[in-house]
Amino acid sequence: CGGSKPAASAAPVAPTAVPAEPKAPSAAQAPPPAPPAQSTPTVATANPPSNPAPAAPAAVPGGGGGPPPVRPFAYMRLTHDAIRHGLKELTDKAVAGDVSGAEATFGEIMAILEVHMKMEDLIFFPILNDLFDGVIAKELLGDEHLEDQKKTGALRKALADKEDVETVKRLAGEWAKSHEEHLEHEEKVMMPLTEKVAPTLELRGRAMNAILHADWDGFKSHQLGPVLKRIEASKPFGALKMIIQALQHSTTPAEYTSLIAIIKATLQQDNVSKLDGEGVLSDGTLPEHPAGWQELYGILGTFASKDPAAATKNLMTDARDQVLRESMAPSFTVFGSPTSVSEGYTEMPNAGDKICWHASFDKKEAWGHADHQERKMRKDQLGAMKATGVKGDMVEDMQGSYMGPLHHIEKQAPPAFSAQGLYSVVCVATATDPEAAKKLFEVVKGFGNDTSAIRFTVAPGGGDMPGADSEEALATVRWVECFLGRTDHEAHKGSDAFKEREAKVKEFAPEGYKAMEFANTCHFVGF
């Protein structure tokens with residue numbers, strides 16, 4: 001949720017001019033009082049540049065001369081053709097009475113389809129819905145996936161039970177026809193939008209990278225090889241080159257290296273040699289994903305609301321929009337309302353009416369950039385959220401929030417993607433003095449190195465909120481860790497590393513630390 005610049009401070013320096021007049025403080029970015037004494041270092045951009053309103057790329061010069069443009073989303077489109085090839089093979093075998101052969105083909109098609117649908121349902125459909133006014137929902141494409149599953153079950157059972165040839169032939173024909181209609185519907189709706197998802201090749205490649213990582217392991221182990229085999233068998237070399245170029249421009253060098261081994265093991269040697277000769281089997285083009293600790297800028301926000309459910313909905317709406325439309329906003333985590341703390345934690349006082357979130361930026365200037373400050377969805381949702389405040393004053397309702405430098409580490413592989421149902425814990429400790437807080441900060445970073453959480457963030461004392469230069473603020477350290485679910489969190493609490501935390505914190509903060517737990521965290525990432 002974007003933050004407007006408050007009257008309490010000068011606006012941060014931004015690459016683009018920002019209106020000078022003071023505005024209401026933000027939900028996801030609370031108002032800084034004055035420039036901090038220590039500047040936040042600029043780090044490698046976790047999100048590529050993007051525009052508030054994605055636009056289609058310019059036409060290729062020459063109107064057809066030169067090589068065809070690289071299209072990262074060609075992998076999704078040509079996967080459809082691989083599925084079509086499989087559907088024809090399936091129906092041919094069913095018509096010929098080869099039930100065992102039809103069953104084998106059906107299994108391979110389903111291996112491709114299951115990963116493909118996961119890519120669409122988890123990443124591709126949400127991206128298109130968010131950028132293009134709910135187009136997938138309006139066209140009921142997700143509902144078609146559910147309907148397809150019903151028809152799939154009937155055919156699967158008939159094949160497994162080795163039912164009579166006529167039944168298998170009928171069900172295979174019906175399933176193939178229905179699925180072809182679905183593929184055509186998807187292509188009619190989605191393909192014209194793919195080039196408008198983002199304005200540059202790199203951005204579209206990053207979007208496709210996020211789609212691949214909806215099930216990276218399944219993509220590599222169950223989908224890629226069968227898709228390439230069927231494209232090689234049914235399409236000219238140009239299509240084979242196009243699909244592999246799509247992957248080359250949608251992966252990092254390390255990721256693409258792992259795919260090259262699959263490509264070489266799958267394709268005929270003459271095609272491998274041609275691809276190699278044309279440079280298609282060289283390095284992936286995207287920057288490597290950040291590894292280790294990153295220095296970012298962000299908000300660990302708390303907001304006292306009379307209607308936590310409505311305020312959380314405002315945050316969720318804005319979170320999706322922020323990571324898709326702001327080039328320097330890599331992620332946004334909406335914790336929502338806290339649940340009761342479990343054994344092993346001391347509950348943070350006055351947590352009941354609060355909602356919480358974590359909005360990240362690559363650097364401080366990103367917060368003041370026009371892409372953020374002038375984004376329409378941020379303004380709309382901020383106003384709606386502010387109206388639910390207990391005090392009716394954003395600064396007062398956001399007491400206890402932090403805005404400033406953050407140290408963050410992603411602990412999972414493959415890289416994170418947007419997800420719901422995660423389990424998070426937000427912790428706060430106040431050291432005896434600012435010097436002790438600096439030592440505690442390093443201790444807490446050690447927690448991040450040892451945790452089984454999928455991501456961990458720690459905020460040093462101080463920051464840019466009003467009152468951040470007070471003795472208490474300078475002595476307060478905050479941290480957040482996010483787990484895949486409650487079970488993982490419970491396992492983490494049983495570890496020796498967790499059991500030793502309280503004593504380590506009390507060396508610098510005699511009262512230990514307080515916590516809030518969140519059982520249904522939603523995490524959004526951009527591309």
Side-chain angles (χ1 to χ4, degrees), residues 73-95 99 101-194 197 208 210-215 218-219 222-223 226-227 230 234 320 417-421:
F73 293 103
Y75 181 78
M76 301 298 284
R77 173 61 181 82
L78 287 167
T79 296
H80 281 196
D81 286 343
I83 293 168
R84 287 186 169 101
H85 183 265
L87 293 175
K88 183 178 186 307
E89 182 180 292
L90 170 69
T91 53
D92 286 350
K93 288 180 177 178
V95 168
V99 175
E103 185 178 19
T105 299
F106 175 78
E108 185 171 290
I109 298 171
M110 288 308 303
I112 296 172
L113 270 175
E114 284 170 3
V115 176
H116 184 71
M117 286 187 176
K118 189 178 290 186
M119 290 175 174
E120 289 180 334
D121 290 338
L122 291 179
I123 307 295
F124 200 13
F125 284 0
I127 286 175
L128 295 180
N129 267 331
D130 290 341
L131 289 177
F132 302 105
D133 195 27
V135 62
I136 301 301
K138 290 176 181 177
E139 291 287 338
L140 304 178
L141 289 176
D143 293 350
E144 289 180 16
H145 279 187
L146 296 176
E147 185 62 30
D148 180 77
Q149 290 172 14
K150 297 176 185 176
K151 295 178 180 177
T152 299
L155 178 57
R156 179 186 282 114
K157 184 177 185 303
L159 290 167
D161 293 347
K162 300 294 188 292
E163 292 188 13
D164 63 90
V165 171
E166 287 304 313
T167 298
V168 169
K169 182 168 68 173
R170 175 177 60 80
L171 290 174
E174 291 174 356
W175 187 68
K177 179 176 182 294
S178 173
H179 208 85
E180 172 60 38
E181 291 171 352
H182 172 68
L183 295 177
E184 290 177 359
H185 189 193
E186 283 192 337
E187 289 161 7
K188 179 181 177 181
V189 173
M190 297 165 65
M191 289 305 108
L193 300 177
T194 56
V197 163
M208 188 63 220
I211 292 167
L212 295 175
H213 278 292
D215 187 2
F219 157 68
H222 301 309
Q223 189 190 68
V227 166
R230 293 188 178 279
S234 62
R320 291 188 186 96
F417 60 88
S418 300
Q420 297 186 14

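For the atom pair CZ (R170) and CG (L155), the distance works out to 10.0 Å, reported to the nearest 0.5 Å. Atom-to-atom distance recorded for K150:NZ and E147:CD is 5.0 Å, nearest 0.5 angstrom. Residue E144 holds its CD atom at 10.0 Å from CD1 of I136, rounded to the nearest 0.5 Å. To the nearest 0.5 angstrom, M110 atom CE is 13.0 Å from E103 atom CD. Considering CE of M190 and NE2 of H185, their distance stands at 10.5 Å, rounded to 0.5 Å. Here CG of L87 is found 7.0 Å from CG of L183. Values are rounded to the nearest 0.5 Å.
Residues E163 and K157 have side chains in contact (heavy-atom distance under 4.5 Å, counting atoms from C-beta outward). The closest side-chain heavy-atom distance from I127 to F132 is not below 4.5 Å. Looking at heavy atoms from C-beta onward, Y75 lies out of side-chain contact with I211 at the 4.5 angstrom threshold.
In this structure, D164 contributes its side chain and E166 its backbone to a donor-acceptor pair below 3.5 Å. Between the side chain of T194 and the backbone N or O of M191 there is at least one donor-acceptor pair closer than 3.5 Å. For the pair S178 (side chain) and E174 (backbone), a donor-acceptor distance under 3.5 Å is absent.
For H179 and H182, the gap between ring centers is short of 6.0 Å.
Pairs of residues two or more places apart, or lying in two chains, that qualify as salt bridge (charged side-chain N to carboxylate O under 4.0 Å, His left out) and include a residue from residues 116-136 are K118-D215, D133-K138.
Summarising the geometry of A102 relative to L159, their closest heavy-atom pair is CB-CD2, 4.0 Å, with the distance given to 0.1 Å. What you find for I123 and A214 is that their closest heavy atoms are CG1-CB, 3.7 Å.
Partner of F125 under the side-chain contact (heavy atoms from CB on, under 4.5 Å) criterion, out of M119, E186, M117: E186 alone.
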